[in-house]
Protein chains: 2
Amino acid sequence: MRDKPSTQATLQQVADAAGVSLATASRVLHGSGGRTVREELRARVLAEASRLRYVSHAPAQALARATTSIVGLIVHDIADPYFAAIAAGAMRAARDHDLMVMVACTFREPQLELEYIARLRAQRARAIILAASSFTGTRFVADLADHLAGYADQGGRVVAIGDHGAGVDAVLPSNFAGAALAASHLVSLGHTQVGVVSGPPSLATVADRLAGFQSVLPAAAVVTGDFSRDGGYAAARSLLTQHPSLTAVFALDDVMAYGVLAAARDLGRQVPSDLSVIGFDDIPGAADVGPPLTTIRLDLAELGSRVLGLAVGPPSGSVSIPASLVVRSSTASAR
Amino acid sequence: MRDKPSTQATLQQVADAAGVSLATASRVLHGSGGRTVREELRARVLAEASRLRYVSHAPAQALARATTSIVGLIVHDIADPYFAAIAAGAMRAARDHDLMVMVACTFREPQLELEYIARLRAQRARAIILAASSFTGTRFVADLADHLAGYADQGGRVVAIGDHGAGVDAVLPSNFAGAALAASHLVSLGHTQVGVVSGPPSLATVADRLAGFQSVLPAAAVVTGDFSRDGGYAAARSLLTQHPSLTAVFALDDVMAYGVLAAARDLGRQVPSDLSVIGFDDIPGAADVGPPLTTIRLDLAELGSRVLGLAVGPPSGSVSIPASLVVRSSTASAR
DNA sequence: AGTAAGGCGGAAAGCGCTTTCCAACGGCGT
DNA sequence: ACGCCGTTGGAAAGCGCTTTCCGCCTTACT
């Protein structure tokens, strides 16, 4: 009758205290199957459980039930507002599904991505969400196939943001269409000499956005950034220095656009009168930079919650997320 | 000899395939204790394990070893750059300790916070990091004591960011000193009529920052925000409308400062010539808003990695994180 | 009343792994 | 040659929980 057991109470102890069998205790505390337990016993068990401060043991449950309530989310960097917003959306959805989210940051190292996939597999995560993989297209199939082999058989699902080819359900942001929208906007403003601050060319997202843009307006120059603010700054700086005649630049994502804005400022170019800048994603904060950023909006929270939904729902092919133009103050007519 | 077992291989199967006992397989695959295994056997086991694509079963290990490699991180909202930056720091440190991080967003609902604590306990997380709790000071002790009772006995640690009173190790950002720094800066610029956009008064962080500020410069008016950008906007709007004579405002965090900047703009007040604005935290992006925000800098990544360190290290009291003033362009001399 | 049909509690067999504990096996000293 | 000790492999006992299967007891029906 000790009220403060020095160690975490177990179901067995609750059962004993309530004078019922382990099975009964399990039934009332988890009451899954159609089985019912007499009200009196149920109450006794519940009472003892709370008196003993019983907390179920998820690992043991996982072992016995052969499934967990964990989903893994692999991102490049959770401090990046793009991933942070997606993660928030995913977590909100996770709550609706009674799931916990394990987040892993690869800091853009492919090796780490592989390692985390393995660890998430070891945890028997229900699903693994690749919010942005270093492995896309055929490379994906080749390098990740191994790491994913057997995961599906074991009941695990893999879903991704962006196209990863064969067999992986994904939510597809409208990268191509969105970038085309950005280009059209610039065209309508009379820009013809425009540069683009791109990203690592191996990523499918980069290829899509670049292609979408160029399908409308061939870039006069493109330079490669790394999706970081400082990378965007450096890229823009060299771009604007080498091509002073550019009247607009398209950054493949907003955080690089932040850097572009800063570079323009440092180079004495007035935005938007001297130079128009347009980004992509519409991350929170895009409206507050100086000047407020014109960008292509993706509903990042929705993106996150959809991908989580895909991850736990039945395999259902891919869903796409629309992109829209939001005009703020970083773009204006050419000259 | 099937090469593609339809189900995840188990240690037993690896052992059988390698012709050794389960115990031996376990020893080579996890080789913890001083025990050694003959080289030949070790190689055979390793070979079979990789041929069978063996992946250890973390839940089972957790059960047998009575410990996991999970730490929980509870934040208000991972999309908030403040928490995102902290999480990134924590995850980097987690990697060094071979831990996985389970992130939970409470979206500022105390009820959810309690629920997640329970779930993390159920997962047998090694430690729970309260990055920002709705329960502070005595309220903390009262309401959370129950939820945490027994967790320590069971080996779990609870650490927090900010002061939570009794028994909880914490990393303490220099909230008081930092806010005092902000006030001094404003004073040195000649401001005397300053307003502050505060946060939920129940939070210790809010109390500390407010007190620190007022210890140097009594606020002419304080209005309560909610640490969101739009909350900051609304608060600033009413503040500036009701007290048009204010020459400066201190926002308790940068994201509210974003809102203050926007409100000032909408109200036709020029920052910094008409109105100085200073924030707190120096979140990534603070340098890119218009105008670049003067703020009190906290090394958020460091904060995150320190708190993770505290969580897995031995109980060692609290550590504090310094704050420093970074002057950008949102503050200027009064009048 | 007698019996078939349910409802409901309990015993027990695992789930995959770690970790004692024991036994077998060489090599050594005397 | 013989007994000892240091090594190293294996058997087995759990870790805390779920779930099937059994059997008892209560109802209801003829």
Side-chain angles (χ1 to χ4, degrees), chain A residues 5 7-46 48-49 52-69 121-125 150 154-156, chain B residues 5 7-46 48-49 52-69 121-125 150 154-156:
Chain A
T7 177
Q8 188 54 252
T10 153
L11 230 209
Q12 181 64 259
Q13 296 173 17
V14 172
D16 291 351
V20 301
S21 80
L22 179 54
T24 301
S26 173
R27 285 196 270 254
V28 358
L29 256 19
H30 186 58
S32 59
R35 292 293 299 266
T36 80
V37 172
R38 195 161 20 110
E39 193 47 47
E40 182 207 344
L41 290 199
R42 150 177 305 278
R44 266 217 316 271
V45 171
L46 255 14
E48 287 307 309
L52 261 18
R53 301 183 186 299
Y54 172 74
V55 175
S56 67
H57 192 299
Q61 278 184 171
L63 187 55
R65 314 236 289 251
T67 183
T68 66
S69 56
R121 249 154 61 70
Q123 296 290 337
R124 294 306 190 265
Q154 157 201 322
Chain B
T7 178
Q8 188 54 252
T10 153
L11 229 210
Q12 182 65 261
Q13 295 173 18
V14 173
D16 291 350
V20 302
S21 81
L22 179 54
T24 302
S26 173
R27 286 197 269 253
V28 0
L29 256 20
H30 187 59
S32 59
R35 291 293 297 265
T36 81
V37 172
R38 196 161 18 114
E39 193 47 46
E40 180 207 342
L41 290 199
R42 154 179 301 280
R44 266 219 314 273
V45 171
L46 256 15
E48 287 307 309
L52 261 16
R53 300 183 186 301
Y54 172 74
V55 175
S56 68
H57 193 297
Q61 277 183 175
L63 187 54
R65 315 236 293 252
T67 182
T68 65
S69 56
R121 266 183 12 95
Q123 296 290 336
R124 293 306 189 265
Q154 158 203 320

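Sequence lines set the chain letters: A, B, ... in the order given, protein chains first and strands last, and positions in each chain run from 1. Model, not experiment: these values are computed from the prediction.
A search for side chain to side chain contact (heavy atoms under 4.5 Å, CB included) contacts involving B/Ala64 returns nothing, not counting sequence neighbours. Looking at residues two or more places apart in sequence or on another chain, you find no side chain to side chain donor-acceptor pair (under 3.5 Å) involving B/Arg42. With sequence neighbours excluded, the residues forming a salt bridge (Lys or Arg N to Asp or Glu O under 4.0 Å) with B/Arg38 are B/Glu40, listed by chain and number. Every residue was checked against the side chain to side chain donor-acceptor pair (under 3.5 Å) condition with A/Gln61, not counting sequence neighbours, and none meets it. Here B/Leu22 pairs with B/Leu11, B/Gln12 under the side chain to side chain contact (heavy atoms under 4.5 Å, CB included) rule; sequence neighbours left out. Shown here are the side chain to side chain donor-acceptor pair (under 3.5 Å) partners of B/Thr10, two or more places apart in sequence or in another chain: there are none. Take A/Ser56 and apply the side chain to side chain donor-acceptor pair (under 3.5 Å) test, not counting sequence neighbours, and it matches no residue.
In the set C/dG10, D/dG10, D/dT18, the nucleotide with an atom closest to the side chain of A/Ser26 is D/dT18. The side chain of B/Gln61 sits closest to C/dC17 out of D/dT8, C/dC17, D/dT18.
Within the 4.0 angstrom heavy-atom criterion, base atoms lie near A/Leu22.
With axes fitted over five pairs at each extremity, the angle between the ends of the helix from C/dA1-D/dT30 to C/dT30-D/dA1 is 50° (10° resolution).
Between the CG atom of B/Leu29 and the C1' atom of C/dT19 there is a distance of 16 Å, given to the nearest Å.
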Across nucleotides 20-25 of chain D, 5' to 3', mark each nucleotide with B, S or - according to how protein heavy atoms within less than 4.0 Å reach it. BB----
